[in-house]
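Okay, so here's the structure we're looking at.
In this text the structure is predicted, and so the values were computed from the model without any measurement.
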Amino acid sequence: MSRIEQRVESPDELHRPGRWIALSVLVLAVLLVAIDATVLGLATPFLTEDLEPTGTQLLWIGDVYSFVIAGLLVSMGSLGDRIGRKKLLLCGATAFGAVSVLNAYAHTPEMMILARALLGVAGATLMPSTLALIRNLFHDPRERSLAIGIWGAMASAGAAVGPVVGGLLLEHFWWGSVFLINLPVMAVLVVVGAKMIPESRNPAPGPWDLASVALSFVGMIGVVYAIKELAAHGPGSENIAAGIGGVLALCWFVRRQLTLPAPLLDTRLFHHRGFSGAVLADLLTILGLSGLVFFLSQFLQLVQGRGPLEAGLAELPAAVGAVVAGLIAGRAARRFSVRSVVTGGLGAIGLALAAVTLIHKETAYPLLGAVLLVVGVGAGLAFTVTSDVILSSVPKEQAGSAGAVSETAYELGAALGIALLGSIVTGVYQKFDTPQGVPPGPAAAAHESLGGAVEAAHGLPAQQGQALVSAAQESFVEGLGFAAGVGAAVLLATAVAAWFLLRGQKLEDGIVHQ
């Protein structure tokens with residue numbers, strides 16, 4: 001737990017004036033980054049029609065943003081500890097707004113992938129900064145739990161709000177508008193944040209080790225790429241080499257951190273059973289939430305024929321559940337226990353994913369809405385409490401690094417949710433039998449993605465086109481059900497593991513002077 005020093009903090013230090021206004025600005029940043037991780041779900045059909053990406057390019061457009069963020073978070077969290085978290089936040093927010101314009105006007109799949117990657121670089125500066133600044137704004141543990149609850153609710157809800165925002169914009173504008181909405185929000189963040197957020201940094205941070213930055217990035221990208229390709233295409237020399245290279249880079253990274261006097265990340269934190277359990281729960285909570293929201297967006301539009309706004313509103317229960325649960329998570333963890341709340345949240349997501357295996361093309365909305373609500377509640381409970389555990393386990397001077405660990409788990413979970421579950425969906429989907437008479441060109445396009453099948457059907461006779469779309473939809477639903485079953489098994493197993501890993505873990509109650 002946090003180190004305790006014998007000194008008295010003044011009331012102004014303990015309850016800093018303007019801290020809740022500062023929190024509202026930080027929440028803007030985390031909400032926007034979270035929304036950007038899923039907003040493309042609804043825009044996918046429009047983007048597919050305009051840019052004509054292959055199935056692999058489409059997956060990269062969806063997940064490269066989260067991959068890059070996951071690869072850079074540890075480095076950016078450590079950089080914020082050194083140069084100032086407020087400075088890094090404001091610079092990152094400015095870059096995020098500028099790169100959003102590049103995303104909006106991308107005109108080729110390759111340009112879109114590059115633009116999403118650059119947006120990930122900017123996003124990586126925002127997430128650990130927000131959590132670290134909360135650690136330094138709120139010294140009262142109960143206030144901090146509420147603040148983290150609000151932060152966590154927005155992080156979890158952002159993944160579900162993305163489709164709503166995207167749907168509203170896509171009803172009236174072209175797909176690039178889902179990125180331009182970032183501009184006014186980032187402008188507010190920079191203007192208000194410059195005045196209201198206090199600066200904080202580690203007073204004795206040591207140098208920023210560029211070799212460690214490179215090792216963490218290469219290692220994370222290599223491992224995630226290998227998992228993605230292995231799930232999509234099976235074992236191959238390229239993905240095996242990437243995976244081995246990634247693991248070696250991460251091992252080298254860990255070894256280097258143990259020898260540095262001022263490491264980029266204090267890897268000894270993972271010796272703490274509660275810290276490691278919280279990180280694992282973080283990752284898999286978001287894996288279940290983001291994977292489900294991303295693919296249900298396509299199910300609601302391309303299988304059930306809903307418009308983008310209607311599909312976005314249909315996913316709103318996940319956001320509502322996440323917000324409500326996030327606000328009460330800290331109180332629930334103190335009344336019952338950390339492990340019961342986290343285990344319950346993970347179990348709820350697992351059961352909801354299991355229910356997805358039962359859906360079919362004509363599934364009525366009440367079942368889908370109930371599933372999304374349960375997933376939102378589970379994510380709000382688990383993610384908020386584990387973030388509090390992670391942040392409370394380190395001295396405030398290392399808040400950026402601890403926040404980066406939590407956010408790495410979040411973004412890696414989002415990336416793996418789309419990549420792993422998406423690769424399973426794609427692998428099952430592509431095996432459907434092409435109806436007789438469909439020419440090779442449209443057949444090949446249809447097997448790339450469900451959006452490609454719908455587009456290909458426009459150029460075929462009505463009966464033939466309908467047969468192609470119907471076969472593709474049935475195959476997509478089959479793949480979605482299979483992926484949900486895999487996700488359910490992983491989440492339920494993690495719930496059991498969390499029960500043991502988080503045994504005896506508690507949230508702080510009294511004032512800890514740090």
Side-chain angles (χ1 to χ4, degrees), residues 1-5 9 11 13-16 19-20 23 26-27 30 130-157 269 272-282 284-286 320-349 374 376-396 399 402-403 405-406 409-410 494-514:
M1 296 296 293
S2 301
R3 296 179 301 187
I4 301 178
E5 298 177 5
E9 295 184 68
E13 286 181 301
L14 193 58
H15 300 292
R16 184 186 298 274
R19 61 195 181 283
W20 295 106
L23 175 65
L26 297 178
V27 162
V30 73
T130 61
L131 198 52
L133 287 165
I134 288 173
R135 179 72 175 83
N136 285 273
L137 278 168
F138 297 90
H139 294 179
D140 181 327
R142 289 184 177 271
E143 276 199 352
R144 186 167 65 238
S145 285
L146 177 58
I148 292 174
I150 295 170
W151 177 91
M154 293 302 102
S156 300
L269 290 171
H272 189 292
R273 174 170 47 82
F275 185 91
S276 297
V279 171
L280 177 65
D282 251 12
L284 292 171
T285 294
I286 301 304
V320 174
V323 170
V324 173
L327 294 178
I328 65 172
R331 183 175 298 179
R334 287 185 172 87
R335 179 168 181 178
F336 302 104
S337 69
V338 166
R339 74 172 182 172
S340 63
V341 172
V342 174
T343 298
L346 289 167
I349 299 172
V374 172
V377 170
L381 290 173
F383 182 67
T384 302
V385 173
T386 52
S387 296
D388 202 341
V389 168
I390 291 168
L391 206 59
S392 300
S393 298
V394 301
K396 65 179 181 179
V405 170
S406 177
Y410 179 99
T494 308
V496 174
W499 179 259
F500 294 101
L501 288 172
L502 297 175
R503 185 179 68 253
Q505 190 70 44
K506 297 181 183 296
L507 299 185
E508 292 176 313
D509 270 312
I511 306 302
V512 179
H513 303 294
Q514 298 170 339

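- Closest of all the heavy-atom pairs between V377 and A325 is O-CB, 3.3 Å.
- Side-chain contact, S340 with S337: a donor N or O sits under 3.5 Å from an acceptor N or O.
- When all heavy atoms of I134 and A147 are compared, the pair lying nearest together is CG2-CB, 4.0 Å.
- G378 approaches A348 most closely through the heavy-atom pair CA-CB, 4.2 Å.
- Taking the side chain to side chain contact (heavy atoms under 4.5 Å, CB included) definition, one finds that A281 meets it with V342, L346, T386, sequence neighbours left out.
- Under the 4.5 Å side-chain criterion, counting only non-hydrogen atoms from C-beta, D282 is in contact with S387.
- What you find for G380 and A329 is that their closest heavy atoms are O-CB, 4.1 Å.
- Counting only heavy atoms from C-beta outward, the side chains of R331 and F336 never approach each other to under 4.5 Å.
- Between the side chain of R339 and the main chain of W499, a donor-acceptor pair closer than 3.5 Å is present.
- Rounded to the nearest 0.5 angstrom, R503 CZ and T343 OG1 are separated by 12.0 Å.
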